[in-house]
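For reference, the structure discussed in these notes is given below.
Note: hydrogens, waters and symmetry copies are ignored here, and every other heavy atom, side chains too, is used. Sequence lines set the chain letters: A, B, ... in the order given, protein chains first and strands last, and positions in each chain run from 1.
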There are 2 protein chains.
Amino acid sequence: MIDAVTIREVKVQLGELCKQQRQRYKISQEDLAQELGLSRYTIQKFENGKNATLDTVLKIANHFNLLEKLYQALKDLENTNDINSLY
Amino acid sequence: MIDAVTIREVKVQLGELCKQQRQRYKISQEDLAQELGLSRYTIQKFENGKNATLDTVLKIANHFNLLEKLYQALKDLENTNDINSLY
DNA sequence: TTATATGGTTTATTATAATACACAAATATA
DNA sequence: TATATTTGTGTATTATAATAAACCATATAA
């Protein structure tokens with residue numbers, strides 16, 4: 001393990017994933033915002049790696065059908081009582 | 001697929017995971033808050049499934065060594081160009 | 001070319017997450 | 001038991017995410 005992942009890098013990656021998924025479905029930032037009841041500026045900032053609220057992130061994840069996957073991943077983590085068994 | 005996972009359920013699960021990990025290391029909410037430069041109230045609300053900011057969530061994830069895992073999961077999602085191949 | 005749509009940016013305002021206190025109720029420890 | 005620790009809750013304030021509205025540059029389409 002050379003370099004640790006930073007919080008900033010995760011936020012950038014989250015934004016990129018949103019942008020990628022959005023373009024996959026060929027919808028604009030404005031479209032996505034309206035469908036989620038958010039402003040375009042919120043989508044804009046999130047896609048550019050800025051801070052956001054959990055509700056915003058989960059709304060976006062839900063829109064791209066990633067909520068169930070995330071929920072199961074969290075459940076799995078909770079049932080993994082040894083942190084080292086993840087590696 | 002009977003019932004869809006809700007955003008609220010994911011937030012509750014996130015809070016439970018935080019609480020579980022924290023108790024695993026036998027530290028109080030106050031301890032965790034101080035180590036992360038957050039207030040105890042922020043930890044308190046997060047563990048009880050309330051809304052929070054991405055920075056708060058990622059700080060907690062990082063403290064319990066879950067950031068790298070999350071980052072890789074996001075990378076994997078980005079490289080999975082077919083959403084249906086996840087199932 | 002002229003429109004139209006999209007993404008990036010700015011400003012001002014509103015909503016709310018985060019903070020800093022305090023205090024009571026549980027929970028653990030002596 | 002009593003004492004200390006931790007957790008849950010409340011209030012007021014501050015910081016900041018979210019909103020709404022413009023504006024411009026670029027790309028795309030007519």
Side-chain angles (χ1 to χ4, degrees), chain A residues 5-67 70-71 74 77-78 81 83, chain B residues 5-67 70-71 74 77-78 81 83:
Chain A
V5 173
T6 66
I7 289 177
R8 157 135 201 83
E9 285 170 325
V10 173
K11 286 191 291 185
V12 168
Q13 187 60 31
L14 273 169
E16 286 182 10
L17 184 60
C18 175
K19 184 173 185 174
Q20 188 210 43
Q21 290 290 311
R22 179 175 60 76
Q23 292 178 334
R24 227 175 88 76
Y25 290 102
K26 294 185 169 45
I27 61 178
S28 64
Q29 293 177 342
E30 178 66 34
D31 292 334
L32 181 59
Q34 284 198 343
E35 289 177 41
L36 299 181
L38 299 173
S39 70
R40 184 170 70 86
Y41 191 49
T42 299
I43 302 295
Q44 170 76 13
K45 285 198 310 178
F46 179 67
E47 287 193 354
N48 287 9
K50 306 301 182 189
N51 196 12
T53 60
L54 198 49
D55 275 337
T56 293
V57 179
L58 297 182
K59 277 184 187 176
I60 295 172
N62 184 47
H63 189 263
F64 295 123
N65 295 101
L66 298 174
L67 209 56
L70 174 60
Y71 183 76
L74 292 174
L77 277 176
E78 195 176 49
N81 48 8
I83 193 71
Chain B
V5 174
T6 66
I7 289 177
R8 156 136 200 85
E9 285 169 325
V10 173
K11 286 191 291 186
V12 167
Q13 187 60 31
L14 274 168
E16 285 182 10
L17 184 60
C18 175
K19 184 173 185 174
Q20 189 209 42
Q21 290 291 311
R22 179 175 60 76
Q23 292 177 334
R24 226 175 90 78
Y25 290 102
K26 294 186 169 44
I27 60 178
S28 64
Q29 293 177 343
E30 178 67 33
D31 292 334
L32 180 59
Q34 283 198 345
E35 290 177 40
L36 299 181
L38 298 173
S39 70
R40 184 171 70 86
Y41 194 49
T42 298
I43 302 293
Q44 169 75 13
K45 285 198 310 177
F46 179 66
E47 287 193 353
N48 287 8
K50 306 301 182 190
N51 197 12
T53 61
L54 199 49
D55 275 337
T56 293
V57 179
L58 296 183
K59 277 184 185 176
I60 295 171
N62 184 47
H63 188 264
F64 295 123
N65 294 101
L66 298 175
L67 209 56
L70 174 60
Y71 183 75
L74 292 174
L77 276 176
E78 194 175 50
N81 49 8
I83 194 71

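Within 4.0 Å of B/Q29, counting heavy atoms only, lie sugar-phosphate atoms of the nucleic acid but no base atom. Among the heavy atoms of the strands, none lies under 4.0 Å from B/K26.
Rounding to the nearest 0.5 Å gives a distance of 5.5 Å between CG of A/L36 and CD1 of A/I43. Between the CD1 atom in B/I60 and the CZ atom in B/F46 there is a gap of 4.5 Å [rounded to 0.5 Å]. The line from CG of A/L54 to CG of B/L54 is 7.5 Å long, rounded to the nearest 0.5 Å.
Picking from C/dG8, D/dA18, C/dA18 the nucleotide with the shortest atom distance to the side chain of A/T56 gives D/dA18. The side chain of B/K45 approaches C/dA18 more closely than any other nucleotide in the set D/dA17, C/dA18, D/dT7. Among the nucleotides D/dG8, D/dT7, D/dA18, the one closest to any side-chain atom of B/R22 is D/dT7.
Residues of residues 34-42 of chain B that place a heavy atom closer than 4.0 Å to DNA chain C, in numerical order, are B/G37, B/L38, B/S39, B/R40, B/Y41, B/T42.
Taking atom CG on A/L14 and atom C1' on D/dA17, their separation rounds to 16 Å, with Å as the unit. C/dA15 atom P lies 20 Å from atom CG of A/N51, rounded to whole Å. Distance, A/E16 CD to C/dG7 C1': 16 Å, rounded to whole Å. The NZ-C1' distance, from B/K59 to C/dT19, rounds to 12 Å in whole Å. Regarding B/I43, its CD1 atom lies at a distance of 15 Å from the P atom of D/dT6, rounded to whole Å. B/F46 has its CZ atom 17 Å from the C1' atom of D/dT7, to the nearest Å. Between the CD atom of B/E30 and the P atom of D/dT5 there is a distance of 12 Å, given to the nearest Å. When the P atom of C/dA15 is taken as reference, atom CG of A/D55 falls 16 Å away, rounded to whole Å.
At least one donor-acceptor pair under 3.5 Å links the side chain of B/Q20 to the backbone N or O of A/E78.
In this view, A/D31 and A/I27, A/S28, A/E35 satisfy the side chain to side chain contact (heavy atoms under 4.5 Å, CB included) rule, not counting sequence neighbours. In this view, A/E16 satisfies the side chain to side chain donor-acceptor pair (under 3.5 Å) rule with no residue, not counting sequence neighbours. With sequence neighbours left out, the side chain to side chain contact (heavy atoms under 4.5 Å, CB included) criterion links A/L74 to A/L70, B/V10, B/Q13, B/L14, B/L17. Qualifying side chain to side chain contact (heavy atoms under 4.5 Å, CB included) partners for B/Q34, counting only residues two or more places apart in sequence or in other chains: B/E30.
Taking all atoms of both residues into account, the shortest heavy-atom contact from B/L38 to B/T56 is CD1-CG2, 4.0 Å. Taking each heavy atom of B/L77 and A/L66 in turn, the nearest pair found is CD2-CD2, 3.9 Å.
Residue pairs meeting the salt bridge (Lys or Arg N to Asp or Glu O under 4.0 Å) criterion with at least one member in residues 42-66 of chain A, sequence neighbours excluded, are A/R22-A/E47, A/D55-B/K11.
Between B/I27 and A/L54, the residue anchored closer to the 5' end of DNA chain D is B/I27, taking for each the nucleotide with the nearest heavy atom.
Residue A/K19 places at least one side-chain N or O closer than 4.0 Å to OP1 or OP2 of C/dG8. Between A/Q44 and C/dG8 there is a side-chain polar atom (N or O) within less than 4.0 angstrom of OP1 or OP2. Taking only side-chain nitrogens and oxygens, A/T53 comes nearer than 4.0 Å to OP1 or OP2 of D/dA18.
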Pairs: protein N or O with nucleotides 25-30 of chain C N or O, under 3.5 Å:
none

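Side-chain contact check for A/Y25 versus A/L32: every heavy-atom pair is 4.5 Å or farther apart.
The terminal axes of the helix from C/dT1-D/dA30 to C/dA30-D/dT1, fitted over 5 pairs per end, subtend an angle of 50° to the nearest 10°.
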